[in-house]
S.K.: 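Let me give you the structure first, and then I'll get to my questions.
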Protein chains: 2
Amino acid sequence: MTRRMSQARGIPEATVARLPLYLRALNGMAERGVATVSSEDLAVAAGVNSAKLRKDLSHLGSYGTRGVGYDVEYLIYQISRELGLTQDWAVAIIGVGNLGRALANYGGFVSRGFRVAALFDADPDVVGDHIAGLNVEHIDDLEAVIRRRGVSIAVIATPAAKAQQVCDRVMSAGVTSILNFAPVVLSVPDDVDVRKVDLSIELQILAFHEQRKADRMSGGPVMAEEWPEAVNLSISSDVVGSLGSVRSADPAGTGERESQ
Amino acid sequence: MTRRMSQARGIPEATVARLPLYLRALNGMAERGVATVSSEDLAVAAGVNSAKLRKDLSHLGSYGTRGVGYDVEYLIYQISRELGLTQDWAVAIIGVGNLGRALANYGGFVSRGFRVAALFDADPDVVGDHIAGLNVEHIDDLEAVIRRRGVSIAVIATPAAKAQQVCDRVMSAGVTSILNFAPVVLSVPDDVDVRKVDLSIELQILAFHEQRKADRMSGGPVMAEEWPEAVNLSISSDVVGSLGSVRSADPAGTGERESQ
DNA sequence: ATCTGTGAACGGTTTCACAGCT
DNA sequence: AGCTGTGAAACCGTTCACAGAT
């Protein structure tokens, strides 16, 4: 009874994004010899609250035991399977600059379930280098090598200007999952998944909150009246179109602040 | 009229996370000499839909002109100010391994608004190295240097095992914004913001979707009946507690483990 | 007695569609 | 005519609180 049946059609994206967190916490517990864990303990280890954790796990099926908790090894297996980690995925890294090199060498990141199968670069000086036990191939061979080695995930670590064309090429070689480190919005068809990692965006988000905290310290909830004159006119006709290719005017050399 | 007054109380987190995207698209336009842009065009450039973009911008105030669009330079200024980029933030990178080195050298990422002010490492062989124009300092001096140079954002690029203690130390030096590259959940008080970048999590999310796509190809919506026997018994009493410190029983010839 | 699994309430985010300004 | 700004609706994710299993 209570046969499988449940889960199936689609685990919420938010849940998928947390499963790796649970998996990591569970692996730590397994290493320390923990056999069973309650939703409360696992939630703490993963940094979420326990109701959320239970709901997340309930999307995979009923893998817990009421009054007891979850069997650590069993849950590890179920989550791994759900995430597709019971098979090995071949990953290609395109762009072997500082970042690409770091990624290739980042032993831990390409852990169980993933295998760096190819490295590519356009620079002839770099092609042929031996990095993390792999030869750097020339970008011209991208499609052929990707197909031959069955690469299904591409990591783009090229300069921003090359990212879209690299993206187009890996897609033409059949890749439908891309991890993008270049600071550009890639355009891809609906059947291709792109995840991006963008350092400057993360920093900017932190800066926003940092600024809020700083403001709270000093002025308290300052609001209104917080910016340079010549502002309420909004666009006011002739300003528009006058700036040409000037980069950053900084319309009042300030150093603002604001609300909150 | 229509005096400021609006916005003020908190911009939604989801909006904050997109502002850097808009900013980047706008900077590209400014460089190409575009003076005015419609919500539709900017939305396309940023990879979002135009209603969302308009709502996002409306949280900052009414900076557009009906029937016309947004003034590019003016919007750049407003978003920059909102994000706190009109001041410079001093960033410290802790851990100068492959990744830390890549981050320090990643010219583009520390762009407008950010400045790498210090590099730290625990390895005596690395301390004293000159990277991206900076001396690598010993981790023992962390608190002192952070205070002296007014660092307000710390980037943790250490091994997982050291991340929490580094986190504690930067916090004790007054840092309240952390960008964490180590694959651990940092525990911090409420007034500290942590953002994490986790390569193995991103890959696992991609693997999940990749697996779904593969499944859809072949068997169509396969469901139920997809796992090895000896499973429906769930925890079944005596299995619990029997595993002691064994690491990985591996419930089906797969080969788990994971991240880092 | 304990702890999971889940309906129901809640809060935040996205999308729709149009009123209102230029 | 064109495009922004925004209520209202739809959607998704989280939290609450408890029924139900062990």
Side-chain angles (χ1 to χ4, degrees), chain A residues 1-7 9-19 21-22 35-44 46-72 74-75 78 232-241, chain B residues 1-7 9-19 21-22 35-44 46-72 74-75 78 232-241:
Chain A
M1 298 73 236
T2 323
R3 246 328 214 208
R4 213 31 56 251
M5 274 302 315
S6 43
Q7 51 133 330
R9 277 331 72 191
I11 294 169
E13 219 13 71
T15 295
V16 172
R18 282 186 296 263
L19 292 178
L21 233 53
Y22 305 152
T36 294
V37 68
S38 67
S39 63
E40 179 59 33
D41 290 353
L42 181 51
V44 169
V48 303
N49 89 34
S50 67
K52 191 188 284 184
L53 179 129
R54 287 199 303 279
K55 181 136 293 186
D56 281 344
L57 294 184
S58 77
H59 291 296
L60 319 189
S62 281
Y63 296 146
T65 307
R66 290 167 199 236
V68 179
Y70 301 89
D71 179 79
V72 172
Y74 184 60
L75 237 202
Q78 290 298 347
N232 273 338
L233 41 79
S234 229
I235 305 183
S236 120
S237 48
D238 56 12
V239 174
V240 177
Chain B
M1 295 72 238
T2 323
R3 243 331 211 211
R4 210 31 57 249
M5 274 301 316
S6 44
Q7 49 135 329
R9 276 338 65 194
I11 295 168
E13 216 18 67
T15 296
V16 172
R18 282 186 296 265
L19 291 179
L21 234 52
Y22 305 153
T36 294
V37 67
S38 68
S39 64
E40 180 58 33
D41 290 354
L42 181 51
V44 169
V48 304
N49 88 33
S50 67
K52 192 189 284 183
L53 179 129
R54 286 199 303 279
K55 182 138 290 185
D56 282 343
L57 294 184
S58 78
H59 291 295
L60 319 189
S62 282
Y63 296 146
T65 307
R66 290 167 200 235
V68 179
Y70 301 89
D71 179 78
V72 173
Y74 184 60
L75 237 203
Q78 289 299 346
N232 273 340
L233 41 80
S234 229
I235 305 183
S236 122
S237 47
D238 56 13
V239 174
V240 176

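These values consider heavy atoms only, across backbone and side chains, with no hydrogens, waters or symmetry-generated copies. A, B, ... follow the sequence lines: proteins, then strands. Residue 1 opens every chain.
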S.K.: Choose from D:dG13, C:dG5, D:dT4 the nucleotide whose nearest atom is closest to any side-chain atom of A:Glu13.
M.R.: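 The answer is D:dG13.
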S.K.: Are OP1 or OP2 of D:dC16 and a side-chain N or O of A:Arg54 less than 4.0 angstrom apart?
M.R.: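 For D:dC16, OP1/OP2 do not have a side-chain N/O of A:Arg54 under 4.0 Å.
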S.K.: Closest-nucleotide mapping onto DNA chain D: is B:Glu40 or A:Lys55 further toward the 5' terminus? I mean the 5' end.
M.R.: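 Looking at the nearest nucleotide for each, B:Glu40 comes out on the 5' side.
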S.K.: Using atom OH of A:Tyr74 as one end and atom C1' of C:dT4 as the other, report the distance to the nearest whole Å.
M.R.: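 So the OH-C1' distance, A:Tyr74 to C:dT4, works out to 15 Å.
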S.K.: What is the distance from CG of B:Asp56 to C1' of C:dT15, rounded to the nearest Å?
M.R.: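 Distance, rounded to whole Å: 12 Å.
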S.K.: Please tell me which of A:Ala51 and A:Gly67 maps to the more 5' nucleotide of DNA chain C, matching each residue to the nucleotide holding its nearest heavy atom.
M.R.: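 Result: A:Gly67.
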S.K.: Report the distance from atom CG of A:Leu60 to atom P of C:dG5, rounded to the nearest whole Å.
M.R.: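 After rounding, the gap between these two atoms is 10 Å.
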S.K.: Round to the nearest Å and state the distance from B:Leu53 atom CG to D:dT6 atom P.
M.R.: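 So the two atoms are 14 Å apart, to the nearest Å.
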S.K.: How about A:Leu53 and A:Tyr22: do any of their side-chain heavy atoms sit closer than 4.5 Å?
M.R.: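 Counting from C-beta outward, A:Leu53 and A:Tyr22 do come under 4.5 Å.
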S.K.: Roughly, in whole Å, what's the span from CZ in B:Arg66 to P in C:dC18?
M.R.: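 Taking atom P of C:dC18 as the reference, CZ of B:Arg66 is at 16 Å.
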S.K.: For the side chain of A:Ser58, counting heavy atoms from C-beta on, which of C:dT14, C:dT13, C:dT6 is nearest?
M.R.: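 So the nucleotide nearest the side chain must be C:dT6.
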S.K.: For A:Lys52 and D:dG13, is the shortest distance between a side-chain N/O and OP1 or OP2 below 4.0 Å?
M.R.: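 The answer is no; no side-chain N or O of A:Lys52 sits under 4.0 Å from OP1 or OP2.
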S.K.: Among D:dT22, D:dT15, D:dT4, which nucleotide sits nearest the side chain of A:Thr65?
M.R.: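 It is D:dT22.
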S.K.: Determine whether A:Asp56 and A:Val48 make a side-chain contact, defined as any pair of heavy atoms from C-beta on separated by less than 4.5 Å.
M.R.: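 Side chain of A:Asp56 against side chain of A:Val48, heavy atoms only: no contact under 4.5 Å found.
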S.K.: Looking at A:Ser39 and A:Ser50, what are the two nearest heavy atoms and their distance?
M.R.: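 Heavy atoms only, the tightest pair is O-CB, 3.9 Å.
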S.K.: How many Å lie between CG on B:Leu57 and C1' on D:dG5, as a whole number?
M.R.: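 Computing the B:Leu57:CG to D:dG5:C1' distance gives 10 Å.
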S.K.: Within the pair B:Asn49 and C:dT15, is there a side-chain N or O less than 4.0 Å away from OP1 or OP2?
M.R.: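 Result: yes.
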S.K.: May I have the distance from A:Ile11 (atom CD1) to D:dC12 (atom P), rounded to whole angstrom?
M.R.: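 From A:Ile11 CD1 to D:dC12 P: 16 Å.
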S.K.: Are the side chains of A:Thr65 and A:Thr36 in contact, using a 4.5 Å heavy-atom criterion?
M.R.: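 Counting from C-beta outward, A:Thr36 and A:Thr65 never come under 4.5 Å.
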S.K.: Heavy-atom distance under 4.5 Å between the side chains of B:Leu75 and B:Leu57, does that happen here?
M.R.: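 B:Leu75 reaches B:Leu57 side chain to side chain.
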S.K.: Ignoring backbone atoms, establish whether B:Ser39 has a side-chain N or O less than 4.0 Å from OP1 or OP2 of D:dT4.
M.R.: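 Answer is yes, contact under 4.0 Å.
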S.K.: If the cut-off is 4.0 Å, is B:Tyr63 near the phosphate of D:dC3, judged by side-chain N/O to OP1 or OP2?
M.R.: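 No, outside the criterion.
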S.K.: Write down the distance between CG (A:Asp41) and P (C:dT2), rounded to a whole number of angstrom.
M.R.: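 That distance rounds to 14 Å.
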